[in-house]
Amino acid sequence: MRRFLTCWFILVEALCANAAHAQMKATAQNVPEIPYESVRNFLKLPPNLYLGEAIGVATNSKGHVFVYTRSANTRLFEFDQNGKYVREVGEGLYGFEFAHSVRVDSEDNIWVIDEGTNLVIKFNPEGRVVMVLGHRPEVVAGAVATATGPAPPAEKYTFSRPTDVAWDPQGNIFVSDGYGNNRVVKYDKNGRFIKQVGSEKRGSEPGQFNLPHAIAADGKGNVYVSDRGNNRTQVFDNDLNFKTSYENVGTAWTVCISPGPHQYLFTSNSNPNGNPPGSWDITGEIYKMELDGTVIGKFGHASKQFGGFQVVHMMDCRNPNEIIVAEIESWRVQKLMLKPPQTKISYAK
């Protein structure tokens, strides 16, 4: 049953992505190239253990790396700061079906967002489940049929293929509820519903979404949402009131905000699943930005080879000079060492 459900979600996700979400060429001009090196053999898996699609990646305060992967089963692996395998978290967990993202909060709790079970799951640092948001469809009912006709109203405590999670300094929880619904939901630190922006319906106006695919919050509690289907990143205040949007760096697949007194925003104009015609020439790069949307530079290119990117689905930027990227179609995780931007300016093509 689990393998059947996984295959079913892969098919539906591919159809949705190809039909509704075309990739957009970035329009930012005069963007400096940021040189980088990719660390070879960064993750060291034990014999007979392999990554499938690398869907989520995050680090904790010790520099340990967590990778959420879709394989024969959805699995969550932990590696130390040198890439040495440490353990598997949540093996056989009822909430694991079809991975989408993993995050680590300021107290080193590990959060996973599972698109297949409609759950956001919080583990403590020891790897024990301490909070669950959402409700998994009952297994006895089999795979949930693809909805037809108008979507039912979004519910406070039930998700429809959620995508990511973030927190503000007070511990409030923000969930992007992304493939079935098109909204962002705010809960308090205990998981009590506060507010939402967006709804079950797709839209392109400010405060509406067409596949909110990733989410992050800055030190002031502002919320940044990768509105993938609308080719933009929307920014909200802590009460989910719309502030602005960034629409010049292509299609926002994922977003990451570095910690510290000077925070940076990273967003990926990832080349899409299946590599449709022409996509390699206008996608693949990652942008480094100020929080106000000023583009500092870009790095990377579409490639199946090591050093290039093949569908960056998520990234970690705890150290803004060491970016860790998780890629879907190349089944890999790369650690990128960024260097100062080149003085030569490259023009966006």
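When a residue number appears, it is its place in the shown sequence, counting from 1.
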Legend entry - Lys/Arg N to Asp/Glu carboxylate O, Arg75 vs Glu88, below 4.0 Å: yes
Inset, instruction - Check whether more than 12 heavy atoms from other residues, nucleotides or ligands sit under 6.0 Å from atom NZ of Lys44, and answer yes or no. - result: yes
Legend entry - NZ or CZ of Arg70 within 45° of Phe98 ring axis and under 6.0 Å: yes
Inset, instruction - Would you mind reporting whether Ile121 and Met131 have side-chain heavy atoms less than 4.5 Å apart? - result: no
Inset, instruction - Answer yes or no for Arg128 and Phe123: cation-pi contact, defined as NZ/CZ to six-membered ring centre under 6.0 Å and angle to ring axis within 45°. - result: no
Using atom types as modelled, flag every donor-acceptor pair under 3.5 Å from a side chain in residues 150-160 to any protein atom, sequence neighbours excluded.
from   : atom 1 : to     : atom 2 : distance (Å)
Glu155 : OE1    : Thr158 : OG1    : 3.4
Tyr157 : OH     : Phe193 : N      : 2.9

Legend entry - Asp237 with Lys243: basic N within carboxylate O range, under 4.0 Å: no
Inset, instruction - Answer yes when Asp239 and Lys195 have at least one side-chain N-carboxylate O distance shorter than 4.0 Å, and no when they do not. - result: no
Inset, instruction - Give a yes/no verdict on a cation-pi contact between Lys288 and Tyr264, requiring under 6.0 Å between NZ or CZ and the six-membered ring centre and an angle within 45° of the axis. - result: yes
Inset, instruction - Have a look at Ile286 and tell me which of Asn269, Val325, Thr267 forms a side chain to side chain contact (heavy atoms under 4.5 Å, CB included) with it. - result: Val325
Legend entry - Whether Tyr224 and Tyr246 hold their rings parallel, tilted or perpendicular, with breakpoints at 30° and 60°: tilted
Legend entry - Backbone of Leu336 reached by a side-chain donor or acceptor of Ser38 within 3.5 Å: no
Inset, instruction - For the pair Lys298 and Glu285, find out whether any cationic side-chain nitrogen is under 4.0 Å from an anionic carboxylate oxygen. - result: no
